[in-house]
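Here is the structure we will look at.
Given the structure is predicted, the values throughout are model-derived calculations rather than measurements. Ligands are counted one by one from 1 in listed order, and the atoms in each one are counted from 1 as well. This chain uses plain numbering: 1 for the first residue, then up along the sequence.
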Amino acid sequence: MSVERTLSIIKPDATRRNLTGAIVDRFEKAGLRVVAQRRMQLSTAQAEAFYGVHRERPFFKSLVEFMTSGPVVVQVLEGEGAIAKNREVMGATNPANAAAGTIRKDFAESIEANSVHGSDAPETAANEIKFFFSDLDIVG
Ligand code: CMP
């Protein structure tokens, strides 16, 4: 397996409950390294663009409202097989289906307010990292 980078977002439900450190701890304990990080308030246009692939889904409007409801922390995580590892640490999208010990099982409030986002494949990861960070922001 090779060293990969993936885009992670700590979502507004988690920043609101002051869970940033607890979530970063899960990543670091799993061997993922935070090589870029920024806390920010997403605009509606940014959230719509980031989740553009979901534009036709019934939950799109609500998702954009949720993602702009408070600060997020966007991060680049690096490590061996980082994309799959991050998805394993996050757990299933719906916390009701997430495995014990995962971030979403332990912290998520609902399928929408599910505490974290992580890229799902290498091409998505490259595009999502570029959406938020320039090469100069990433220090491995
Ligand atoms: P995320 O992994 O960021 O990708 C899309 C997001 O849409 C998802 O996490 C949830 O926050 C949100 N969402 C809300 N409803 C649903 C749903 N029914 N299925 C999938 N994702 C949903």
Side-chain angles (χ1 to χ4, degrees):
M1 206 173 286
S2 59
V3 174
E4 294 175 334
R5 288 176 174 170
T6 190
L7 191 277
S8 162
I9 305 178
I10 301 177
K11 297 186 180 184
D13 67 288
T15 61
R16 196 174 288 129
R17 288 174 290 150
N18 212 20
L19 292 171
T20 299
I23 289 172
V24 170
D25 189 52
R26 300 288 181 104
F27 294 145
E28 292 184 341
K29 289 214 164 86
L32 294 165
R33 188 173 290 272
V34 179
V35 294
Q37 179 165 273
R38 181 166 72 251
R39 183 176 168 102
M40 63 184 293
Q41 171 67 50
L42 286 177
S43 67
T44 297
Q46 285 172 322
E48 285 176 348
F50 183 79
Y51 279 119
V53 67
H54 295 306
R55 197 171 287 275
E56 304 305 325
R57 306 286 285 274
F59 57 80
F60 181 70
K61 186 166 179 283
S62 176
L63 174 62
V64 168
E65 281 168 10
F66 163 63
M67 290 299 292
T68 57
S69 68
V72 296
V73 177
V74 294
Q75 313 171 300
V76 180
L77 305 179
E78 184 181 86
E80 288 282 328
I83 297 166
K85 189 175 284 183
N86 182 35
R87 293 179 73 73
E88 198 181 305
V89 174
M90 289 193 299
T93 303
N94 186 346
N97 303 329
T102 61
I103 292 171
R104 284 167 170 162
K105 184 66 174 184
D106 292 344
F107 299 132
E109 295 179 324
S110 66
I111 191 170
E112 177 176 82
N114 63 355
S115 300
V116 280
H117 166 83
S119 309
D120 63 3
E123 197 188 340
T124 331
N127 290 334
E128 291 184 351
I129 288 169
K130 252 188 268 154
F131 188 91
F132 287 111
F133 295 102
S134 78
D135 287 348
L136 285 175
D137 297 323
I138 305 170
V139 184

**Message:** For a 4.5 angstrom cut-off between non-hydrogen side-chain atoms, does S43 reach T68?
**Reply:** no

**Request:** Answer yes or no for R17 and F107: cation-pi contact, defined as NZ/CZ to six-membered ring centre under 6.0 Å and angle to ring axis within 45°.
**Result:** no

**Message:** Going by salt bridge (Lys or Arg N to Asp or Glu O under 4.0 Å), name the residues that satisfy it together with K61, two or more places apart in sequence or in a different chain.
**Reply:** E65

**Fill in**
Per the under 4.0 Å non-hydrogen criterion, ligand 1 touches K11, Y51, H54, F59, L63, T93, R104, I111, E112, N114, H117

**Prompt:** Do the side chains of K11 and M67 get nearer than 4.5 Å, heavy atoms only?
**Reply:** yes

**Prompt:** Hey, mind stepping through L19 and I10 against side-chain contact (heavy atoms from CB on, under 4.5 Å) and telling me if it holds?
**Reply:** CA-CA 9 Å; L19 292 171; I10 301 177; over 6 Å; no

**Message:** Check for me whether the distance between the ring centres of Y51 and F60 falls short of 6.0 Å.
**Reply:** no

